[in-house]
There are 2 protein chains.
Amino acid sequence: MAGYGQFCPVAKAMELLDERWTMLVIRELLCGSRHFNDLRRGVPRMSPSLLSARLRTLARAGVVERHEDGKQVTYLLSPAGEQLRPIVEALGQWGLTWMPELGDEDYDPHLLMWDLHRNVDLGAVPPGRTVIRFSFDDVRAEDRHWWVVITAEGADLCSFDPGHPVTATVETDLRTLTRIWRGQLSWPQSQRSGELQVHGPTHVARNLPRWFHKQSILPPETAASYAG
Amino acid sequence: MAGYGQFCPVAKAMELLDERWTMLVIRELLCGSRHFNDLRRGVPRMSPSLLSARLRTLARAGVVERHEDGKQVTYLLSPAGEQLRPIVEALGQWGLTWMPELGDEDYDPHLLMWDLHRNVDLGAVPPGRTVIRFSFDDVRAEDRHWWVVITAEGADLCSFDPGHPVTATVETDLRTLTRIWRGQLSWPQSQRSGELQVHGPTHVARNLPRWFHKQSILPPETAASYAG
DNA sequence: CAGTATCCATTTCGATACTG
DNA sequence: CAGTATCGAAATGGATACTG
């Protein structure tokens, strides 16, 4: 894609940032994804070659730093990339306010659970192992059940029964949990209406909403402690 | 172009905003352009059909309002569009800081003079008619000379001699004035180095930098008073 | 002034398969 | 794990001319 041929700094910024997927890759990096396959999970509809191309472009532009530590490849935002954080947050806030409608395509249990599990507030969850099963009654069998396994080390996401005893079960539909997660609906509200039910010990049912709490976009230090 | 298939508000915002040219059209509207051909002057490399398509998309999304007053068609930002102002400003600041390099393609006397003339601080210019001629010694003859005619009513831009007596002449090269205008170089600095010369009465030479002063992005009321 | 219409070159992207 | 390779379909948009 050609540039805009304008000296305007907005134009120069958008030459880089308005390419398809680019802002979402940056969002993933802001959320703490550091490795190629982590990033892929955040943008699963993006082909790996395109993700690779975008990362190269961002690195060339000085927004992303690519580090090779032996076999391990790590992508980090440079200071320039880090300074996009308030912009990405503002775009998210704007999107939530002014483009609140979702299409059928936008509901995705993989993406939802991936985002939920990486926003577990480890400090809020009781010590020991906690296993929460999520079940979506309106999703095809294959993607219906999810397990979030929380220990002091972090939170893991499974799409199959990991075998540990389940602490509590959340039964709902994909739209409801998505709307809660986007901040358009509250947990208690949806529990009262019956759209979402938590089965398990009372204290768990009461506190669970606090365990999954979307930080707007996690600062990198915080995100690092979640790496799993 | 298909959407992203993500519930993330950033993704929903970018589905609209990351299409090529879209942010520049919004920038133009933020600067106070209200009519099709005004907008074209701000994005001259965009084909009219594409501009038309983008305006339609933005109107459908509720970011732009299209008003027909008789034959006159006016485009205005809706509240949703207006709330993009801080984002566009932040993108400009980010672009200036982190993508400061310009390519040869980015230097454009038309665009520069168009932007300069619409940022004249009418209150700072002495009463009566003031005519400033700008001459770029490194631009092909056709686009070398520009006249900015300032009266109480507003500032007009001519690419031909309008015939009025010239109050002062600015001689420089396109790169220098572009860099000044982007805030990467100061007027006095470039005058000292000789890259820019103002020929005319001393008080004019001294004050002229204050007459052209880029407001980051003009609020609409202010912009309206410049419409001409 | 405010756009439409047309048309094709180019780009871009998605899908899929494959590799060290 | 971290990508590359390939390929074709789709769409994107640039150029130009034209209209009420």
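Below, chains carry the letters A, B, ... as their sequence lines are ordered, and counting in each starts from 1. What you see is a predicted model, and the numbers here were worked out from it, not measured in a lab.
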Distance in angstrom units between [X] [atom1] and [N] [atom2], rounded:
X	N	atom1	atom2	value
B:F36	C:dC1	CZ	P	11 Å
A:R54	D:dA2	CZ	C1'	18 Å
A:R66	D:dC1	CZ	P	15 Å
B:R20	C:dT11	CZ	C1'	11 Å
A:E68	D:dG3	CD	C1'	11 Å
B:R45	D:dG13	CZ	P	16 Å

Pairs: protein N or O with nucleotides 5-10 of chain D N or O, under 3.5 Å:
{"from": "D:dA5", "atom 1": "N6", "to": "A:S49", "atom 2": "OG", "distance (Å)": "3.4"}

Margin query: Does B:R56 reach a base, just sugar-phosphate, or nothing at all? Heavy atoms under 4.0 Å.
Written below: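 Touches sugar-phosphate only.
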Item checked: First encountered from the 5' end of DNA chain C, between B:V73 and A:L50 ->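 Looking at the nearest nucleotide for each, B:V73 comes out on the 5' side.
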Check: Would A:R182 count as a cation-pi partner of B:F7, with NZ or CZ less than 6.0 Å from the six-membered ring centre and within 45° of the ring normal?
Finding: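 No - A:R182 does not lie over the ring of B:F7 by the 6.0 Å and 45° rule.
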Checklist line | For DNA chain D, the dot-bracket pattern of Watson-Crick and G-U pairs whose distances stay under 3.5 Å, | for other-strand partners | finding: ||||||||||||||||||||
Using atom names, set out every protein N or O paired with an N or O of nucleotides 18-20 of chain C below 3.5 Å, distance rounded to 0.1 Å.
none

Check: Looking only at atom types and distance, does a side-chain atom of A:D138 sit under 3.5 Å from a main-chain N or O of A:L174, one as donor and one as acceptor?
Finding: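 Flag set: sc A:D138 to bb A:L174 pair under 3.5 Å.
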